[in-house]
Amino acid sequence: MFTMTSTILRNLLKEPATRRYPASVRPSFEAARGEIRNDIHVCTFCGVCAVKCPSQCITVDRKAADWSYDPSACVQCGVCAEVCTSGSLQQARDYRKPVRKKELVVLKGATTPPKHSDPPVTG
Amino acid sequence: MQGEIMDIGLDNLLGETARIKVEGYRFVTISCVEINEIRMELLYHFDRNFQLKHLRLSISRDCRAPSISPVYFAAFLVENEIQDLFGIRFHGLTVDYDRTLYLEKDVKTAPFCKFAVVEKSPVCEEKTP
Amino acid sequence: MIRHGILIAAALIFGPLVGGLISGMDRILTARVQSRIGPPLLQPFYDVIKLLGKEKVVVNVWQAFCANAYLTAASIAVVLLCLRSDLLLILFIQAVGSVFLVVGAFSSTSPYSQIGAHRELLQMLCYEPLLILVAVGVYLQTGSFRIAAVHALHQPMLLKLPFLFLVLGLVLTIKLRKSPFDLSTSHHAHQELVKGLLTDYSGPLLALTEIAHWCDTALLLGFCSLFWATNPIGALLLVAVTYLMEIWIDNVCARMNWRWMLGYGWGMGMALSLVNLVWLYAR
Amino acid sequence: MTRTIIPFGPQHPVLPEPIHLMLTLDDEVITEAVPAFGFVHRGLEKLVEIRDFHQMIYVVERICGICSMLHAMCYCQGIEEMMGIETPPRARFLRVIWSELHRMHSHLLWLGLFADSFGFESLFMQFWKIREKILDIDEATTGNRIIVSVNVIGGVRKDLTLEQTRGILSELKSVETELKRLETTILNDYTVQNRTVGKGVLTAKQAYELGLVGPTLRASGVMQDARMLKYAAFDDIAFTPVVETDGDCYARCKVRFREVFQSIDLIRQAIGKLPNGEIAVKVKGRPDGEVTSRVEQPRGEVFYYIRANGTKHLERLRVRTPTFANVPALLTMLPGAGLSDVPVIVLSIDPCISCTER
């Protein structure tokens, strides 16, 4: 009986293991699979990401140069970024912030060749 | 596939199962595969010291199959599952949920079947296909 | 008379207030020994305010009445304690309050509530005799059941009634619904009976039972403080140490079942009380 | 008191997942228990018709949040066998490392829940605190905490650097010390033993005949562990299953507690012998034929039956999860037990209802 005593005393003397979350946030690990971002100026709209995505949350319209992504359907597996032929799809380290409404991320690219002087737009 | 596969019919299913149990096999599970509009396949998997043994039963969609749950009690769960998802009815189940294990009471379709099938009362019983 | 009026009002306000604050401190300390940060100190009050603001759903009239009766009895007991009244009277009024809580649970049809009420009865069966024995000890020491007589002592009662104080601690563990005795209901619902006794109380009625529980806590801790009545600092220290021990017990024990509680509670409680009483009598 | 019928669940705070138990009580003693399912059935097996066999990896991973890595591993091993793919040795060792990390966090999760089932809240918090370290390892090495998505057909997607393996070893050391500290509490504490010893006893014969798997079976004295099949790199790693003989809730707890240490040992061995080389091979062609695949999950043996027809969609994927095999044990153990033992007994099989219903 009472074998837990030493453990609870140790806990009392040490810092708590929990964090006051929104106030203190642990930095993400380097390898963490966070939000999917597409540099639409580099994207070639090849559509490989849309084909490979296991949750089919990406749709690519080649003619209209539209790339849309449903973050609430995404499972964060990172396959799309892995298979991306142009290297425009990147998986960020940080998670997407919570939102009040489900919404699609729709990115419109230029149908003309990419201009590298523009600042990259991320979504 | 690992292990030996035996084709059996509706009439010797229970006998084979009982023999397998006597041989000291453990019940693993039953897999149901939809072959075409009429045929279904039931695969009974057993295991003894990591040696698998499979019984393959080909059954018509509107047939009732005998339940092996009197032999292997644990089979009642998977047989109820097949009843729910594939619409094959079993008779002699030790615990029969009557297609309510996963489904609601008034569901008549079999959700896992590719060919839309509405449940009818079984026409043949324990007839060798 | 005016002095009495002020005392009564103070008891009615400060009884639950103190109980609630202690509950808040309990939650912080419990969290800390479990490596958590824990809620703010005033969390119990926020909870009760939220409950009071909810829609009132009355399962049956009896239950609503019982919740009110429980609160009334618990408050009266605290008031009587502050008035330094008769100890036996206080204990009986407190017991009446608990009985109302049980009756309220029995009047609903939920099996969780029913079994919880049944277990609560068993708990009462376990701790009420022990409480009476403690009161008897106090009587043997002071020659009176009146609390005023305790305050007239020159020496802390604890020195003469050490074992009875332990028995009071046992009763406190049961009353505060701490492990290993959180059988009929517990502070969190991770129990086979979910919320047991309190399953069918909801919204404002649940808030009433919670306030009454604070009163009960204040009452029992007040009773504990009597054991070092000669010096307010001593009394405070004694209560603090007692409560720390309760938190300790809560965090190093699993929940037991009611058979164990009856056997252990009675066996241990009775033995300790008898030893103390015989010792007092023999001297 | 007379006969009472208690609807235990589907939403019961003691149960981590929705399962409904209709308990018939005779004065707090259970006379009959009937389970009901179907609250989290998602029909994931049916998804083979619209997801190709590569995408199915991510689907089977989501059958269960706790043993996801092992589901994917079992599936990939099945497809690899079917297509005759030889996975590189490094991938096989990496699979062992991640799968054992999964076993550890699953068992720590269970140990916490088990402590909670008998009302030992502070112990519950301790185990979950330790589990957090394992999840951090997972996140640092694979990117996700639980659904790690490292398996692909032909190998694994992520590699471990030397620095990462060192990090894993040092974290495991601290996990080991912290767990050792809790050993006396979970195994020798009077109140814990009072609640677990002699509860829900299953003899070896009963357990085997009911077709139980995993720690539930091994606690009854049957030495059966799918890791004895020597899949992945288990043929190069010394391994003996943990077996207890009492068959009660205490023995099940002991098996799982010892298996956490065993997993630490297995990870150390795997890291020590980790060969260099490729982590995946290219996959060409499409699967054809039928295959069964088995892997030891934290809850026991998982069984996959895969049938393919040479197209990119499989014909049938059948998953028999360990909890599915362990549920019949509840029907045997519950009658005769007291109401206060129900959570302890139900949790002692480590029920994973999402797994069971898929």
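A note on names: the letters A, B, ... follow the listed sequences, proteins ahead of strands, and every chain is numbered from 1. Note: hydrogens, waters and symmetry copies are ignored here, and every other heavy atom, side chains too, is used.
Minimum interatomic distance between C/Tyr112 and D/Phe8 (heavy atoms only, all atoms of both residues): OH-CA, 3.5 Å. The two residues D/Arg195 and C/Ala254 have their closest heavy-atom pair at CG-CB, 4.5 Å.
In this structure, D/Tyr190 OH and C/Met256 CE are separated by 5.0 Å, a value rounded to the nearest 0.5 Å. Remark: C/Arg119 CZ to D/Glu28 CD distance equals 4.0 Å, nearest 0.5 Å.
Annotation: D/Phe39, atom CZ; neighbour count of heavy atoms from other residues, nucleotides and ligands within 6.0 Å is above 12. Annotation for C/Trp62: atom CH2 does not count as buried by contact number, only 12 or fewer foreign heavy atoms lying within 6.0 Å. C/Phe163 CZ: 12 or fewer foreign heavy atoms inside a 6.0 Å radius. For CE of C/Met268, the number of neighbouring non-hydrogen atoms (other residues, nucleotides, ligands) closer than 6.0 Å is 12 at most.
Inspection of non-hydrogen atoms places D/Asp116, D/Ser117, D/Phe118, D/Gly119, D/Phe120, D/Glu121 of residues 113-121 of chain D under 4.5 Å from chain C. Within residues 339-357 of chain D, the residues that have a heavy atom under 4.5 Å from a heavy atom of chain C are D/Leu339, D/Ser340, D/Pro343, listed by number.
Side-chain atoms of C/Ser35 and D/Ser122, non-hydrogen and from C-beta on, never get closer than 4.5 Å to each other. Proximity of C/Val252 to D/Asp189: side-chain heavy atoms (C-beta onward) are nowhere separated by under 4.5 Å.
Heavy atoms closer than 4.5 Å to chain C are found nowhere in D/Phe124, neither backbone nor side chain. Heavy atoms closer than 4.5 Å to chain C are found in the backbone of D/Ile5, but not in its side chain.
Screening D/Thr191, D/Val192, D/Leu123 for a side-chain contact (heavy atoms from CB on, under 4.5 Å) with C/Cys253, the sole residue that qualifies is D/Thr191.
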